Amino acid sequence: MTANQKAQARIFFENRILKADNQAFEDLFTEIMRYKEPDFRSIKPWGNIGDRKNDGYIPSRGIFYQVYAPENIENSYPKLIKKIKDDASGLIEQWSDVKEFYFVVNDKYKGVNADSEQLLMQIKEDNGLDESKFITASDLENILFSLSDDQIIKITGVLFIDNPILTPAILQNSYLKKFSTISLLTTETPKPIDDIFVNLAIIKEKKEEKRNDKTINREALLSSYEEIHKPKEPIEIKELVNKSNKSLIYGKAGIGKTTLCKYISYRWAKRELYNEFEYLIYIPLREWKKDGIKGAIRDYYYSLDEKSITIDFDTNKTLFLFDGYDELDGDKKKILRDEIEHYDLSHYIITTRPYGYQKNDFRVDEYFETIGFTDEDVEKYIDTFFKENEDKAKSLKAFLQTNISIRHIGYIPLMLEMICSLWEQKEFGTDMTMTELYGQVIENMLKKHSANKDDKRVYTRKNRKKIQEQLGKLAFEGLTKQTILFDGDFIEDSIDDIDFFEDSTIYSGFLKSDAKEKDLLDNRFEFPHLTFQEYFSALYVSKLEPQEQSEIIQDWKFYPHMQMFFAFLGGLIEDKEFLLQEIESEPKDLVGVYEFLLIMITVSSIKKEKLDKKRIQYINDVTIKWFNSKDKNELILENIYNVEHFIDDSFIYMLIDLIDLDGYSDFITALSFFNRSDDKFIDAIINLIKKRKSSLWELTEIAFSIGRNSDKIINMLLDLMNDKDTNVADRETIVAILAFSGKSDNQTIDIIINWIKDDDFHLYIIADIVRVLLSFDKNDVVMDKFIDLIKDENIALDVRESVISVFSSLNRSDDKIVNITQTAS
């Protein structure tokens, strides 16, 4: 077979592996071994004696095999350990002359854990065996391809064609193999995507009337700024394709756009999502070349040398995922747009950062924004990350409640992963900035990578400084050219000491590559995430001379794709005021909004003590100016968290006054970024709540975030609920607020139960309240009170039936539920 034919055969074999559970895998193993070892004998269970812990053996050499094929190996490790122990001991006890023991496991290319590897080594030592180890899916594939061509063809069932045809099976095979786990930046062991993926909050832009807003036209990219902050509504992942055939999803760096695409692809491959599509084709655009969709499919799914492949699918039954539009340069963007038109694609989802597209780039039915995690998602992620250490989870959640700036970046999945990883090692101070967070992660990654290597050339202090310099130079050259993947030519043009780069920098752990070619620079490299490229770029510029820094700031300050670069630069540059003055100098933004927005972003990682009083006062004055202007700019409103640590009380109370005047919801959002715990602030919030200024939920959530004065808030809410003038919707909201805030003493529960007894309310509201009450911490107390309520014949029958229906829907078998059901009957 040619190399290309072997590649096709591997795809067919991998597909068999991924579908082979239980007996199907054992049959596949037996088929291969009969060709590989003529003396191999398979053993089948027989009557009451079974197979005596032996699925096959080579009698002449004393080699024995036991086969195991769980559906999901990550969820089967305790069972795997037990099975290895039982099978090995049973086999050695029942069979003589055992010299080698192989445990054949279908890990579906995911690998096995260290404990099971060590167990097999221990079995070898304890029983004096010549060998005892795993045969995994990869090992079995290697055995297969040591056979003759005709044997390989018979086993795989491959049918060779001159031009490969993309099939749904090939796609499913790829996604099940590549996307079943997520590689985290801060840990070496990938985690199952089903365990670590937390649904991202996706919101849909509402249609608006045509606007006549004028935007700054200094650079074409700037117009996209005005498009990213519009009225929006939430939407679930499964509803995306029902809402829109052609969608664009945008979101900031690290928000999880790529993970979302991989999760969608993985769920489709498992037939759990978007089953209406026969094909779902994921294309990572950072690897997009200039030979179109066919070339992208060939490179990503085949890795073959064919100049062409056959694409034969119904566009009405095919969904394309184009991931990372912002990572393309202008020429490649045009090629992609032309290809979409050429194939007349009916269904596609495109992901991008907010600055990376223009509204007229594509025919798009709907625009969506992925905004990362909600508060509930953050808690779920932390609990999952620290499932073996509840105290760490509890302390981190408490820290995030008191540190607004870190809590805000914690909504970004990538940042939350890094926060959790650092917290696991050492709890950090409340004033940590995003730039400091990245600095610590990078230092830890260097140390960790160094500990796993034995190469002092790379990890001496002097060399580590030079490594960071080279990474910074490469990162900056790439960022300004909007290049994410670096080939050998780009690296040689960017780096002076190429020998040091090949000997040391490549091995630092910050440049990823498939490393398919023997000559390292014949491969392509990338940073673990775009934000790391932006950090290293800022680190590089922060070390330059002031004149060079000035030129760079002037050249790039109005390019939206450099936003994160400036955020990092603010934290890293020594002379902070110099940086801010350069942003404000010529050429200037005539309207002023983008200039101040960039200043807000830049100072987000600058600590208060690093700026003089005059600059801090300027930030306060300009912020107040924008909030008081008739044409309130949403970009300023939504970025207020960046300057929270510089804002004084006069702005806070001005904001409260503005809410009191018109209840503008964006002011409520802005207020939530400020953590003030004095009585004056609490009383002002309570006054707004009583006046029902804006959302009761939003205002109360702000009050509870302070925490220290929660009793005052609870008493006020209970008074409102007892007040007959309080409408049903507000009273229902109060119950939910109390439940989610964990304020569930007996007095609170009694008041809510008594309120439910009023038969004037709609039954569906009563049912909702019952469900909320059951989320209270004191679940048993709530259960007992509901049993009493059901028994009380003075309460309207339909009310009691509504309560009973909720419990019937819980589908639980604990004693309390059984008691309620029996009481009802």
Side-chain angles (χ1 to χ4, degrees), residues 185 218-222 224-225 250-255 257-258 284-288 323-333 351-357 412 414 434-435 438-439 441-442 467-496 501 505 508 510-513 524-544 548-573 579 582-583 594 598 601-602 604-605:
L185 288 171
R218 185 179 297 278
E219 301 294 343
L221 289 170
L222 286 177
S224 63
Y225 265 141
Y250 57 86
K252 65 180 72 171
I255 209 72
K257 299 181 293 295
T258 295
L285 293 179
R286 64 169 43 198
E287 299 181 23
W288 177 271
D323 181 31
Y325 182 67
D326 57 287
E327 298 179 24
L328 298 177
D329 61 26
D331 290 340
K332 291 179 180 178
K333 285 180 177 178
T351 71
T352 180
R353 284 194 185 182
Y355 59 75
Y357 72 98
I412 301 172
L414 174 67
M434 181 184 68
T435 303
Y438 269 81
V441 168
I442 286 169
I467 286 169
Q468 294 194 49
E469 289 173 9
Q470 288 199 335
L471 289 172
K473 182 68 160 54
L474 181 66
F476 182 72
E477 291 296 325
L479 192 62
T480 56
K481 295 178 174 66
Q482 290 188 270
T483 298
I484 310 296
L485 288 169
F486 312 111
D487 58 22
D489 290 338
F490 191 94
I491 292 169
E492 288 173 339
D493 290 342
S494 304
I495 302 298
D496 294 331
F501 183 87
T505 304
S508 64
F510 288 101
L511 291 173
K512 298 194 305 177
S513 173
R524 295 189 300 170
F525 295 86
E526 62 182 316
F527 284 90
H529 190 270
L530 185 55
T531 49
F532 281 87
Q533 183 174 345
E534 289 160 327
Y535 177 90
F536 277 112
S537 297
L539 182 64
Y540 166 72
V541 172
S542 72
K543 307 294 183 183
L544 298 176
E548 293 177 281
Q549 291 174 341
S550 176
E551 292 174 2
I552 289 171
I553 295 167
Q554 299 310 317
D555 287 343
W556 297 104
K557 64 183 179 180
F558 289 123
Y559 282 83
H561 78 277
M562 299 294 283
Q563 272 189 0
M564 285 292 291
F565 163 79
F566 278 98
F568 285 128
L569 187 59
L572 291 167
I573 197 168
L579 170 60
E582 289 296 319
I583 291 173
Y594 298 108
L598 184 57
I601 291 168
T602 303
S604 62
S605 280

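Because the structure is a prediction, the values reported are computed rather than measured. The first residue in the sequence is number 1, and the count goes up from there.
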### Message
Could you go through L511 and L471, starting from their C-alpha distance and side-chain angles, then the distance that decides it, and tell me whether this counts as side chain to side chain contact (heavy atoms under 4.5 Å, CB included)?
### Response
CA-CA 9 Å; L511 291 173; L471 289 172; 3.8 Å; yes
Under 3.5 Å: donor-acceptor pair, side chain of [X], backbone of [Y]:
| X | Y | value |
| --- | --- | --- |
| T480 | E477 | yes |
| H561 | E327 | no |
| K557 | E582 | yes |
| Q549 | L579 | no |
| S537 | A475 | yes |
| Q468 | F536 | no |
| T351 | G324 | yes |

Measuring from atom [atom1] of [X] to atom [atom2] of [Y], what distance do you get when rounded to the nearest 0.5 angstrom?
| X | Y | atom1 | atom2 | value |
| --- | --- | --- | --- | --- |
| S550 | L544 | OG | CG | 12.0 Å |
| I583 | I601 | CD1 | CD1 | 9.5 Å |
| M562 | F476 | CE | CZ | 5.5 Å |
| F565 | Y540 | CZ | OH | 10.0 Å |
| F486 | Q533 | CZ | CD | 4.0 Å |

### salt_bridge(R353, E534) N-O dist < 4.0 Å
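Judged by the 4.0 Å cut-off on N to carboxylate O distance, R353 and E534 do form a salt bridge.
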### Query
Are any of the side-chain nitrogens in K473 or E469 under 4.0 Å away from the carboxylate oxygens of its partner?
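Not counted as a salt bridge, because no side-chain N and carboxylate O are separated by less than 4.0 Å.
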### Task
Could you go through the side chain to side chain contact (heavy atoms under 4.5 Å, CB included) check for L285 and Y325 one step at a time?
CA-CA 6 Å; L285 293 179; Y325 182 67; 4.2 Å; yes
### Task
Using the side chain to side chain contact (heavy atoms under 4.5 Å, CB included) rule, take V441 and F532 through it: C-alpha gap first, then chi angles, then the decisive distance, then the call.
CA-CA 10 Å; V441 168; F532 281 87; 4.0 Å; yes
#### Entry: By side-chain hydrogen bond (donor to acceptor under 3.5 Å, both in side chains) - contacts of E551 (at least two apart)
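Once residues adjacent in sequence are excluded, the partners of E551 under the side-chain hydrogen bond (donor to acceptor under 3.5 Å, both in side chains) criterion are Q547.
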### Message
Quick check: do L474 and F490 have side-chain heavy atoms less than 4.5 Å from each other?
### Response
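Side chain of L474 against side chain of F490, heavy atoms only: contact under 4.5 Å found.
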### Task
Using a 4.5 Å cut-off on heavy atoms from C-beta on, say whether the side chain of Y250 contacts that of D326.
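Heavy-atom side-chain distance check fails, nothing below 4.5 Å.
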#### Entry: Shortest non-hydrogen contact from T435 toward L572
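Scanning both residues, the minimum pair turns out to be CG2-CG, 3.7 Å.
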### T505 to Q470 - nearest heavy-atom pair and separation
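Heavy atoms only, the tightest pair is OG1-OE1, 2.7 Å.
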### Message
Are there over 12 heavy-atom neighbours, none belonging to D496, within less than 6.0 Å of that residue's CG?
### Response
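Counting neighbours around CG of D496, 12 or fewer heavy atoms of other residues, nucleotides or ligands fall under 6.0 Å, so no.
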#### Entry: Aromatic contact, F527 with Y535 (centres under 6.0 Å)
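So the answer is no for these two rings.
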#### Entry: Working for side chain to side chain contact (heavy atoms under 4.5 Å, CB included), residues I553 and F566
CA-CA 9 Å; I553 295 167; F566 278 98; 4.0 Å; yes
### Query
When the ring planes of Y559 and W556 are compared, do they come out parallel, tilted or perpendicular, using 30° and 60° as the limits?
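Aromatic pair Y559/W556 classed tilted.
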